[in-house]
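Some notes on the structure that comes next.
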Amino acid sequence: MLRNVTNDRSIHRHKSSDLWQRCTNVRLLKQIHASMLVNGFNSNASALREFIFASAVTISCTIDYAHQVFAFITQPDTFMWNTIIRGSARSGNPFNAISLYNQMESQYFKPDCFTFPYLFKACTKLCWAKMGFGIHGKVVKFGFESNKFVRNALIHFHANCGDLSVAAALFDQSEETKTDVVAWSALTAGYARRGNLGIARKLFDRMPERDLVSWNVMITGYAKQGEMECARKLFDEVPRRDVVTWNAVIAGYVSCGSNTKALEMFEEMRNVGEQPDEVTMLSLLSACTGQGDLEIGQKIHSSILEKGSRNLSILLGNSLIDMYAKCGNIQRALEVFDGMMNKDVSTWNSAIGGLAFHGHAEESITLFQDMLRSKIKPNEITFVGVLVACSHAGNVEEGKRYFNLMRSEYKIEPNIKHYGCMVDILGRAGLLNEAFEFVETMAIDPNAIVWRTLLGACRIHGDVELGQRANEQLLRMKTNESGDYVLLSNIFASHGEWSGAEKVRKSMDDNGLMKEAGFSLIESNNNMFVNQFLFDSKVNKSINILEGKDVS
DNA sequence: ATAGGGTTAG
């Protein structure tokens, strides 16, 4: 069979031979590659075309292999260039599409009308508006602006991350466009994504015709903006559904916190026989993580494994690590981590953060050092995990060291979460004065969470005076979270200053704040934990774990 | 061979 690749040229005249259609996995791909090398790799252009197409487009996750092989092609034709650019554009590193195009130009290859849609796909994915404008210039230069595929790609780019008014102008310019459902959908998606659901809906209602994608665009638009009632209404009306339609509503429910609803929708999806895909699984894992539902999470994990792909995709692996860590099974999280063939910065982040939030501070830091050794560049999220680890370990010096390293070595400007972690580290250690000084000299304005962290630290260390100061700042921010009052009154109460506690309670009533029923105002630390956990979950999911631990 | 819809991490 393999000999056919290079010896029997006749099979390559057809669009896609049997051999290539059956080439759907890496092993076969490598076998064919080997036989091509034996027979003179660059001697058969149509085999090269098929090979690049299979490795860059047909088979998922072999784009790196495609790049390596492409580098050995002595005279790639335009089709090969387009194909490798196409595969890169939809890969995890769309930037490669742009750099390949630059190579193509520098070798005096002219782009054709196939090249540009892929380039705009890459720009849109990267949200590189400037690059997209530049490529728009090239479209004009090469005279492809009137090609309908190129124009639709342009409309899609401008609508989603370029200039919406340019998208609208392109749309209006041509009569042909006005009857093109793809152009209508692209423009609608742009308005929806940028939050203008009103205009999106008007476009949707006025479309000369609607296909499945137009419905999906509108449903997704509503779901993303949290308008689940509207999304659901359209979902019920839609004449036909595919996996994307289901994914849109499932993801919508997850993002507005209705995890149970999302899982129910999945049940329904299975009942009507729609096959879930990777995106479905990602949303479901996210729902389990939000619910803390380890049991369903494990079921999803097994069904992903049953589906059989040899190794997990990076995205699924990352989600699984996160799910296991957040649902309390850090062991399984690490097993998934160890089993992943390919890891990206998020993979490391999920594991480092998972360990850190679980109090395995040392392992977390060790993993961070492994990460640096394997030459993966940490990002700002990595350092949130690292600083959380330092805070759990009570390691002030190390925390300060990493906080500085982040800026000096990796040029990452600390964000409010990093500052929050530092305040927590200092506060936990009882360095309250230093913590206050730190907050006062921060490069950005402290938020309510920072003040609340300080307030929590003051409670632990029984500093009534500083606690009041933090509380004043907190009140100045008018967050009116009754949890803050609970904390402060607890400080007073734990020091026998019952009148102070009474006063706080009074001011709470005056502000019309009610504590949630079922919890007493001043009680055991246990209840405090529950209270704070509840209140902060409305403010910031990630920090509240920190603060929850603070009080417990 | 081309365009429009879906996704993780803090």
Side-chain angles (χ1 to χ4, degrees), chain A residues 15-16 49 52-53 56-58 78-80 82-83 85-87 92 112-118 120-121 124 144 147-157 159-160 177 180-190 192-193 211-221 223-224 242-252 254-255 276-286 289 312-323 325-326 344-354 356-357 379-385 387-388 415-418 420-421 540-543 545:
Chain A
K15 273 202 174 152
S16 193
R49 278 196 285 270
I52 291 302
F53 194 83
V57 178
T58 316
T78 310
F79 177 90
M80 296 181 209
N82 287 344
T83 307
I85 288 174
R86 177 184 178 181
D112 63 10
C113 59
F114 288 88
T115 319
F116 289 110
Y118 306 135
F120 285 120
K121 184 167 217 127
T124 311
F144 289 117
N147 175 285
K148 96 171 171 186
F149 292 99
V150 176
R151 202 178 42 229
N152 285 345
L154 263 168
I155 291 173
H156 178 245
F157 159 72
N160 281 286
T177 300
D180 187 337
V181 65
V182 174
W184 278 90
S185 301
L187 197 61
T188 307
R193 186 181 287 193
D211 63 7
L212 185 52
V213 176
S214 350
W215 283 88
N216 286 344
V217 163
M218 201 60 230
I219 293 173
T220 308
K224 282 223 161 144
D242 68 355
V243 61
V244 176
T245 327
W246 286 96
N247 286 349
V249 281
I250 291 175
V254 173
S255 70
D277 64 1
E278 182 173 317
V279 178
T280 324
M281 292 320 204
L282 288 169
S283 286
L284 293 178
L285 284 173
S286 181
T289 309
L312 284 172
S313 80
I314 290 187
L315 248 41
L316 274 176
N318 295 354
S319 283
L320 279 168
I321 295 173
D322 190 54
M323 185 276 292
K326 294 235 174 79
D344 66 2
V345 59
S346 305
T347 319
W348 290 90
N349 289 351
S350 301
I352 290 168
F357 280 102
N379 63 16
E380 55 174 14
I381 296 159
T382 321
F383 281 100
V384 174
L387 292 175
V388 168
N415 64 30
I416 192 69
K417 290 185 185 179
H418 302 113
C421 286
N540 187 312
K541 213 168 98 186
S542 59
I543 299 293
I545 301 171

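Below, each value reflects all heavy atoms present in this structure, side chains not excepted, and no hydrogens, waters or symmetry copies. It should be emphasised that the depicted structure is a prediction, and the values quoted were computed from it without experimental measurement. Letters A, B, ... mirror the listed sequences (proteins, then strands); counts begin at 1.
Residue F120(A) is out of contact with every strand shown, counting any heavy-atom pair closer than 4.0 Å. Note on D211(A): a base of the nucleic acid sits closer than 4.0 angstrom, heavy atoms only. Among the protein residues, V213(A) comes within range of the nucleic acid bases, having at least one heavy atom under 4.0 Å from a base atom. Residue contacts shown for V181(A) include a base, since a base heavy atom lies under 4.0 Å away. Among the atoms of the strands shown, none is found under 4.0 Å from any heavy atom of N415(A). Base contact: S185(A) has a heavy atom under 4.0 Å from a base atom.
Under the rule for a ring-ring contact (aromatic ring centres under 6.0 Å, His included), F53(A) has no partner lying at least two apart in sequence or in another chain. For R49(A), the salt bridge (Lys or Arg N to Asp or Glu O under 4.0 Å) test picks out D77(A), with sequence neighbours left out.
For dG5(B), the OP1/OP2 oxygens have no side-chain nitrogen or oxygen of K121(A) closer than 4.0 Å. Phosphate contact (OP1/OP2 of dA1(B), side-chain N/O of R86(A), threshold under 4.0 Å): absent. Within the 4.0 Å cut-off from OP1 or OP2 of dG4(B), at least one side-chain nitrogen or oxygen of H156(A) is found.
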- Item | Chi angles and distances behind the side-chain contact (heavy atoms from CB on, under 4.5 Å) call for W215(A), T245(A) | CA-CA 8 Å; W215(A) 283 88; T245(A) 327; over 6 Å; no

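Atom P of nucleotide dT7(B) and atom CD1 of I219(A) are separated by 13 Å, given to the nearest angstrom. One can place CZ of R193(A) at 12 Å from C1' of dT7(B), the figure rounded to the nearest angstrom. The CE-C1' distance, from M80(A) to dT2(B), rounds to 18 Å in whole Å. Nucleotide dA3(B) holds its C1' atom 11 Å from the CG atom of L154(A), rounded to whole Å. The interatomic distance linking M323(A) (CE) with dG10(B) (P) rounds to 13 Å, in whole Å. Rounded to whole Å, the distance from CZ on F157(A) to P on dG5(B) is 14 Å. Separating the CD1 atom of I250(A) from the P atom of dT8(B) is a distance of 13 Å, rounded to the nearest angstrom. Separating the CD1 atom of I321(A) from the C1' atom of dA9(B) is a distance of 9 Å, rounded to the nearest angstrom.
Looking at the side chain of D322(A), the nearest of the listed nucleotides dA3(B), dG5(B), dA9(B) is dA9(B). Taking every side-chain heavy atom of N216(A) into account, dG5(B) is the closest of dA3(B), dA9(B), dG5(B). Checking dT2(B), dA9(B), dG5(B) against the side-chain heavy atoms of P117(A) singles out dT2(B) as nearest. The side chain of F114(A) sits closest to dA1(B) out of dG4(B), dA1(B), dG5(B). With dT7(B), dT8(B), dA9(B) as the choices, the nucleotide that has an atom nearest any side-chain atom of S283(A) turns out to be dT7(B). Residue A251(A) places its side chain closer to dT7(B) than to any other of dT8(B), dT7(B), dA1(B). Closest to the side chain of K224(A), from the set dG4(B), dT7(B), dA3(B), is dT7(B). The side chain of K326(A) lies closest to dG10(B) when the candidates are dG5(B), dG10(B), dT8(B). Closest to the D242(A) side chain, of the nucleotides dG5(B), dT8(B), dG4(B), is dG5(B). Distances from the side chain of F53(A) to the nucleotides dT7(B), dG10(B), dA1(B) place dA1(B) closest.
Put simply, the side chain of V345(A) does not reach to within 4.5 Å of the side chain of I381(A), judged on heavy atoms.
Checked by distance alone, N152(A) brings a side-chain donor or acceptor within 3.5 Å of a matching partner on the base of dA3(B). The base of dA9(B) sits with one of its N or O atoms less than 3.5 Å from a complementary donor or acceptor on the side chain of S346(A).
Contact record, I321(A) with A351(A): CG2-N, 3.9 Å, taken as the closest heavy-atom pair. Residues G317(A) and L312(A) come closest through the heavy atom pair CA-CD1, 4.0 Å. Pairing each heavy atom of I352(A) with each of G385(A), the nearest pair is CG2-C, 4.3 Å.
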